[in-house]
Amino acid sequence: MNNFQFYSPTEFVFGRDTENECGKYVKKHGGTKVLVHYGSGSAVRSGLLDRVTKSLEAAGIGYVTLGGVKPNPRDTKVYEGIELCRRENVDFIVSVGGGSVIDSSKAIALGTVYDGDFWDFYIGRATPEKALPVGTVLTIAAAGSEGSGDSVITKEEGGIKRGTGSDLIRPRFSIMDPQLTCTLPPYQTACGATDIMAHVFERYFTNTKDVEMTDRLCEAVLLTMIKETPRVIADPNDYQARANIMWAGTVAHTNIVGVGREQDWNSHGIEHELSGLYDCAHGAGLAVIMPAWMEFVHKHDVMRFAEAAVRVWGCQMDFADPEKTALEGIKRFRTFLHDIGMPINFAELGAREEDIPTLVEKLGLGDGRTGGFVKLSSEDVAEIYHIAAHASL
Ligand code: NZQ
Ligand code: ZN
């Protein structure tokens with residue numbers, strides 16, 4: 001196990017009707033004037049926005065609102081938010097939504113108190129030194145942004161999707177009422193489930209040995225997702241299944257399942273080019289990319305993939321031919337994704353094979369390599385896109 005530092009200061013407030021306490025938590029964490037940031041309408045339609053603003057009023061906290069965040073949040077909305085926060089002297093941001101709204105809030109939190117262009121943080125031109133505090137009312141179990149220090153934004157011009165990370169933008173509190181996720185359409189639910197599993201796999205495939213504790217936590221999250229996801233697809237109002245998935249989504253991405261080891265993250269980098277170019281859901285892009293990545297890299301550590309196949313996918317170990325077991329595990333993963341309604345190849349996602357050179361170029365590796373488990377070149381990435389393009393069950 002490697003040395004590590006684990007910092008997860010977010011106060012998680014979990015359970016039925018907890019959104020009504022939002023005002024209380026803003027006050028507790030020092031907010032006096034709030035930007036309530038939300039998405040394209042689900043929070044308005046469900047009455048959630050109303051309940052959140054009422055709880056702010058009850059706590060005597062002033063607020064302004066800014067909606068309209070789209071999935072794969074854009075820089076243009078961030079600039080609008082920064083201007084509003086400055087004009088209105090906002091000192092706390094409450095995100096009501098999923099990863100997209102939370103990431104947009106985090107970008108606004110960084111940009112409001114920065115003299116330059118907030119995009120500097122996303123292209124490595126500047127390192128965050130301060131930020132407004134952010135709190136969240138989560139409406140979808142997926143990105144894990146409610147407990148992470150990350151934010152991913154897409155530059156409207158050119159569809160360039162990039163991320164930044166800092167402990168400064170870890171939410172001060174996250175309110176998590178599983179009931180709020182019951183209005184999610186099955187497709188969005190499945191996209192979220194895929195993302196949660198991907199966050200674990202990015203950490204599970206590691207070259208670091210003897211990280212048994214972290215391995216077992218990873219497996220617990222994956223087994224939970226394999227059990228609970230079909231339950232919510234079958235019955236969107238299954239509170240207990242929604243609750244387990246919601247907590248799994250957070251545990252998957254605070255990094256508690258990744259400490260003490262090298263991590264990979266190539267599938268995310270490769271996927272971000274798809275959602276950047278086609279504006280598809282991040283989880284759907286991962287469903288297409290992650291099994292393809294696994295097929296491409298499995299020879300690097302066949303026993304690791306065989307172990308995952310046995311422990312996570314319930315395969316029988318073939319001691320004479322562990323590669324067979326490894327490949328069977330990957331196949332079960334892809335079948336699971338298909339069964340919950342995810343695309344598994346380019347055609348089903350709406351991506352085009354002829355765009356592969358563009359996708360590779362946009363990733364910008366040049367002659368370099370990227371990744372923690374297997375270091376990939378541009379040619380390797382192109383090959384993974386080709387595998388993904390033609391994947392079938
Ligand atoms: O905008 P509204 O109307 O709210 O609709 C949203 C959106 O269309 C809808 N939705 C959310 N909650 C709902 C609901 N519809 C009905 N009922 C509800 N309760 O779902 C759609 C997707 O929402 P979005 O916020 O985009 O989903 P998600 O949480 O998957 O976030 C995806 C974004 O997060 C980034 C992704 O790249 C993507 O841009 N990521 C952020 C990470 C982080 N900050 O740590 C890590 C991830 O790996 C990921 O890259
Ligand atoms: Zn993700």
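Order of listing sets the numbers, starting from 1, for every ligand and every atom in it. Atoms considered below: every heavy atom in the structure, side chains included; atoms not considered: hydrogens, waters and symmetry mates.
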Original post:
How does the hydrophobic cluster around I140 look, that is, which other residues are in it when side-chain heavy atoms under 4.5 Å mark a link?
Top reply: L184
Original post:
So, R261 and D215, do they make that salt bridge, N to O below 4.0 Å?
Top reply: yes
**OP:** May I ask you to check if ligand 1 and H268 share an N or O to N or O distance below 3.5 Å?
**Re:** yes
Original post:
Does an N or O from G41, backbone or side chain, lie closer than 3.5 Å to an N or O of ligand 1?
Top reply: yes
**OP:** Return yes when at least one protein heavy atom is under 4.0 Å from atom 33 (C) of ligand 1, and no when none is.
**Re:** yes
Original post:
In terms of side-chain geometry, is the basic nitrogen of E83 or R86 positioned less than 4.0 Å from the acidic oxygen of its partner?
Top reply: no
Original post:
Quick one: are the ring centres of F296 and W293 less than 6.0 Å apart?
Top reply: no
**OP:** Output every pair passing salt bridge (Lys or Arg N to Asp or Glu O under 4.0 Å) with a member in residues 141-151, not counting sequence neighbours, ordered by first then second residue.
**Re:** none
Subject >> Cation over ring face, R304 and Y204, 6.0 Å, 45° >> reply: yes
Original post:
Using a distance threshold of 2.8 Å, what protein N/O/S atoms lie below it relative to the Zn ion (ligand 2)?
Top reply: D195 OD1, H199 NE2, H268 NE2, H282 NE2
**OP:** Could you name the option among I140, L180, L184 that has the heavy atom nearest to atom 19 (N) of ligand 1?
**Re:** L180
Original post:
Under the salt bridge (Lys or Arg N to Asp or Glu O under 4.0 Å) rule, what pairs show up with a residue in residues 42-63, not counting sequence neighbours?
Top reply: E19-R51, D50-K54
